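This structure is a prediction, so every number in the text was calculated from the model and none was measured. Count residues from 1 along the sequence.
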Amino acid sequence: QIQVVESGGDSVQVGGSLTLSCVVSGTTVNSGCVGWFRQAPGKEREGVAAIATGGSIYYADYVRGRFTIYRDNAKNTVYLQMNSLKFEDTAMYYCARGRICSDLTTDDWSGRRVTTWGQGTQVTVSS
């Protein structure tokens, strides 16, 4: 059974940085597409970033240039490095996995074809 487990959420000041981790089990991290979604209270879930089997990377427009997704195959882990954090980055962040990255990004990052979701890790950005 494939599982993903997130960690690394925390409270951070505006302009600060944080790195989230997503450990994949039940398969190798580079055998599918692994990415991140987030959901703020009262808002729809939205996509953040994804990394494909072959290493192609996808970012949502609102994080491009501030967030970096990367993986460590030896640790079976995908990371989300978040810099220049803004108040609006406050959300529960979820790791997600699909067979291919269109499973995550299709229909404007709807996530409706994601096959594995994590439990989430909270990121709070404050002044």
Can you name the closest pair of heavy atoms from Ile2 and Gly26 and give their distance? CG1-O, 4.0 Å
Looking at Gln39, I'd like to know if its CD atom is crowded, meaning that more than 12 non-hydrogen atoms belonging to other residues, nucleotides or ligands lie closer than 6.0 Å. yes
Linking I/L/V/M/F/W/Y whenever any side-chain heavy atoms sit under 4.5 Å apart, do Tyr94 and Tyr62 land together? no
I want to know whether Trp117 and Phe37 have ring centres closer than 6.0 Å. yes
Begin with the C-alpha distance, continue with both residues' side-chain angles, and end with the deciding distance and a verdict on side chain to side chain contact (heavy atoms under 4.5 Å, CB included) for Val12 and Thr124. CA-CA 6 Å; Val12 62; Thr124 302; over 6 Å; no
Given 3.5 Å as the limit, does a donor-acceptor pair link the side chain of Asp72 with the main chain of Lys75, or not? yes
Using the ring-ring contact (aromatic ring centres under 6.0 Å, His included) criterion, which residues pair with Tyr79? Sequence neighbours excluded. Tyr70
Are Tyr93 and Val24 connected into the same hydrophobic cluster when the rule is that any two of I, L, V, M, F, W, Y join if their side-chain heavy atoms are below 4.5 Å apart? yes
How does the hydrophobic cluster around Val5 look, that is, which other residues are in it when side-chain heavy atoms under 4.5 Å mark a link? none
Does atom CD (Gln13) have a neighbourhood of more than 12 heavy atoms from anything else shown, all under 6.0 Å? no
Do side-chain atoms of Thr90 reach the backbone of Phe87 as a donor and acceptor pair under 3.5 angstrom? yes
Tell me whether Met82 is reachable from Ile57 by hopping between hydrophobic residues (I, L, V, M, F, W, Y) whose side-chain heavy atoms are closer than 4.5 Å. yes
Measure from the side-chain N and O atoms of Thr121 to the backbone N and O of Gly9, and report whether any donor-acceptor pair falls under 3.5 Å. yes
Please answer whether the main-chain N or O of Cys95 pairs with a side-chain N or O of Glu6 as donor and acceptor at a distance below 3.5 Å. yes
Distance under 6.0 Å and angle within 45° of ring axis: Arg64 vs Tyr59: no
Closest non-hydrogen atom pair between Ala60 and Gly47, with its separation: CB-O, 3.4 Å
Side-chain donor/acceptor of Asn76 to backbone N/O of Thr27, under 3.5 Å: yes
Smallest heavy-atom separation, Leu104 atom then Arg97 atom, equals CD1-C, 4.1 Å
Please check if Leu20 and Val34 belong to a single hydrophobic cluster, counting links between Ile, Leu, Val, Met, Phe, Trp and Tyr side chain heavy atoms closer than 4.5 Å. yes
With Arg66 via salt bridge (charged side-chain N to carboxylate O under 4.0 Å, His left out) - residues at least two apart: Asp89
Donor-acceptor pair, distance only, cut-off 3.5 Å: does the side chain of Ser110 make one with the backbone of Thr106? yes
Smallest separation among heavy atoms of Thr53 and Arg71, with atom names: O-NH2, 2.7 Å
Does some side-chain heavy atom of Leu85 sit less than 4.5 Å from a side-chain heavy atom of Phe67? yes
Joint hydrophobic cluster, Trp109 plus Met92, side-chain heavy atoms closer than 4.5 Å: yes
